[in-house]
*Asks:* 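Mind having a look at this structure? Questions to follow.
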Amino acid sequence: MAMPAEWEDLLKQTREIVEKLAPDAVITEIDFEGPLIVIYTKSIEKFAENPEIVRKLALSIRRRVSVRPDPSLLLPEEEAIEEIKKIVPEDAGIKHIYFEHDTGEVVIEADAPGKVIGKEGMLLNEIKRRIKWAPRVVRAPPIPSRIVQQVREFLKNVKDERRQFLRELGRKLNRPPMQGENWVRVTALGGYREVGRSAHLLQTRNSRILVDCGMGMSGENVTPYVNVPELWDYSDSARPFKYLDAVVLTHAHLDHCGFIPVLYKYNYEGPVYATAPTRDLAAMLLLDMIRVSYSEGGDAPFESKHVKEFLKRTITLSYGETTSITPDVRLTFHNAGHILGSAVAHFHIGDGLYNVVFTGDIKYEHTWLFSAAVNRFPRVEAVVMESTYGGRDDYQPSRKEAAETLKNVVRTTVERRGRVLIPVFAVGRSQEVMIVLENAMKRGEVPEVPIYLDGMIWEATAIHAAYPEFLNKELRELIFHRNENPFLSEIFQRVGSGEDRQKIIETPDPAVILATSGMMNGGPVIEYLKNMADDPKSTLVFVGYQAEGTLGRRIQSGVREITLYEKGMPITIKMEMEIVTIDGFSGHSDRRQLIQYISSMQPRPERVIVSHGEERKCLDLAYAINRRYGIETVAPRCLETVRLR
Ligand code: ZN
Ligand code: ZN
């Protein structure tokens, strides 16, 4: 007595409704593409003229629906590009045309989008009529990004495999749910009472969802506990992650995504949900992680083919877009204010059964780059939150004060003819430090000296420019004004090669050097440090979080004799340069902001689970929130499970 597959019924039902709503439309195919049901038709104009059809259909089958022209109607890409160029006037300044195979859209990047659209959309309609792809016009990003191009190119090459994957995923998503008692629980797989290797397993009767899957920064606790029986199928060594439905990635930092390619190495076949910039930034950082491991003589735990697998199976979501990711869980991302594309993940479970929010890393303050993290939701019962700066004394100065301190440090150092070395994450504070310094030099508040950017900072900046809709309003406007775009200023100089770096190291003139990695556990910053450490005129400035066990943390906490490696041989270095820590640039909320994030949350949650902080900070924050607001709080240890319902 085989149960009818839910998805078969659903497709049949969809067809019947479409035939009723649009009786004379020619439908060529109806199928799943991931969470969507896609209808291919030769009568696309019938649906375009009457948007009610799609609305009614989506309502009655309770799924997201997309109607697309039958592929046989679409003009081949090369010809479509030619047609577009014939229709659009030269002075629109078309920079790039690319095709989104996931959606049947053609994206036209131009300096003057209005001139592509034409009066009352006349040109756009003409384009649509002639090439049948759905045109979308965006302003051309002012800085080209190599990674964004490569990701697009790669997705184009694997479009058929990707489509196959999305169809199978749609069938899995629409499997009949198991009936019985409903429950929800969270298991701590990493990043609890510690910072690094963030991984949470959100489990219901019908779903296994991994929220983040990161790497530890150093020491022994590098890999998350993915081999727990809740997740790892011990009976199938070829496909141990067979029962994992989805990975939800909050942002691109390696302590959140660094272990995802390993899942693919072990033949995980499911999707990763992330925002588009998170996908691109993660690809960049993961590929760099492989490069860095090899260059330091080590072994990366995965290869570039596993990163490609991640790209092929990533489904991107915008902020505010709700999607079913399993038969009983719907996901919505919201802005987290932490880095480009970072998201707070809201899970709606079982048609009103329960709602849980994972903050990922959050900044609950409007910064030079982003708006403050979102803390309003339709419903929320539990929050799993970060606590990096949740400790009793973790109050940070305002961003304005932090900027003043930075300017002072640069001014003093330049005046005594020293150099300023700032270890930064490529993605995160470097763009913010760039904006502050550019502004200060333009206004003459600090002497103008070159600012060198070493280690993917430029590429990360370009990705910011490619996704303006993820930046705050002020920066979005600045970026598109050629004369005011802070990132295009001539004071920034990219360090493109090892020779470039050597030249800068050998030139003693005053300068500011931004170099990765942010916690000094590798990367080009080490090369500068070797050369500058013994120069008392120079200054080392920490602007970001330094995790326990990293070189940055050791120096920050006063160690003045350090061991580095030169061609594999240990060398001892005395730190004679000035060392300054500037709080207030952090992409993390400080204690006040973390507490405010919860206390002003709407609605107020019943329960808070604290993670992503050293033990003391997790406990401090859990205690404070409980005492002040009477909210039930807990700071689990790794491997503990909390039942939510
Ligand atoms: Zn982060
Ligand atoms: Zn983190």
Side-chain angles (χ1 to χ4, degrees), residues 188-200 210-219 221-224 247-260 274-275 277-282 284-286 288-289 333-345 358-365 367 369-370 372-373 384-391 394 396 423-432 456 460 463-464 470 516-519 521 543-550 552-553 585-590 593-594 597 609-615 617-618 621 638:
L189 300 186
Y192 283 77
R193 299 199 189 188
E194 62 184 3
V195 177
R197 60 165 174 176
S198 275
H200 328 256
L210 197 50
V211 183
D212 289 341
C213 193
M215 281 281 193
M217 321 269 178
S218 70
N221 306 334
V222 171
T223 60
V247 177
V248 171
L249 175 58
T250 61
H251 67 286
H253 279 152
L254 291 172
D255 59 318
H256 298 258
C257 77
F259 207 70
I260 289 177
T275 63
T278 294
R279 176 195 61 195
D280 297 0
L281 289 169
M284 178 183 85
L285 293 174
L286 290 166
D288 185 64
M289 182 171 156
F333 282 139
H334 300 277
N335 169 43
H338 170 62
I339 60 167
L340 183 70
S342 64
V344 170
F358 288 75
T359 65
D361 294 351
I362 37 166
K363 184 67 184 171
Y364 191 50
E365 179 189 10
T367 63
L369 298 172
F370 313 111
V384 180
M385 76 181 301
E386 68 128 316
S387 62
T388 317
Y389 292 104
D394 289 339
Q396 290 173 359
V424 283
F425 279 117
V427 183
R429 295 310 110 187
S430 42
Q431 285 73 31
E432 200 152 18
M456 288 189 317
I463 300 179
H464 281 69
F470 287 84
T516 58
S517 73
M519 300 188 193
N521 44 352
V543 292
Y545 178 72
Q546 305 296 312
E548 274 180 338
T550 59
R553 178 67 161 258
F585 272 113
S586 172
H588 293 276
S589 303
D590 73 350
Q593 291 162 353
L594 287 169
Y597 181 80
I609 298 170
V610 179
S611 77
H612 200 293
E614 288 156 17
E615 182 153 41
K617 320 246 164 175
C618 286
L621 185 67
C638 286

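Counting starts at 1 for both ligands and their atoms, following the listed order.
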*Asks:* Over 60° means perpendicular and under 30° means parallel, so classify the ring planes of H588 and H612, tilted if in between.
*Replies:* tilted
*Asks:* I need the minimum non-hydrogen distance between A282 and A252, along with the two atoms involved.
*Replies:* N-CB, 3.5 Å
*Asks:* So, is H612 placed with an N/O/S atom under 2.8 Å from the Zn ion (ligand 2), counting both backbone and side chain?
*Replies:* yes
*Asks:* Assess H251: does it contribute an N, O or S atom lying under 2.8 Å from the Zn ion (ligand 2)?
*Replies:* no
*Asks:* Output the distance between atom NE2 (H464) and atom OG (S430), rounded to the nearest 0.5 Å.
*Replies:* 7.0 Å
*Asks:* Which atom, counting only N, O or S, brings D255 closest to the Zn ion (ligand 2)?
*Replies:* OD2
*Asks:* Any N/O/S atom, backbone or side chain, of E386 lying under 2.8 Å from the Zn ion (ligand 2)?
*Replies:* no
*Asks:* Of all the N, O or S atoms in H253, which one sits nearest to the Zn ion (ligand 1)?
*Replies:* ND1
*Asks:* Run the side chain to side chain contact (heavy atoms under 4.5 Å, CB included) check on D361 and S342 step by step: do they pass?
*Replies:* CA-CA 8 Å; D361 294 351; S342 64; over 6 Å; no
*Asks:* With the Zn ion (ligand 2) at the apex, how many degrees lie between OD2 of D361 and NE2 of H256, rounded to 10 degrees?
*Replies:* 90°
*Asks:* Can we say R553 and E614 salt-bridge, meaning some charged N sits less than 4.0 Å from an Asp/Glu carboxylate O?
*Replies:* yes
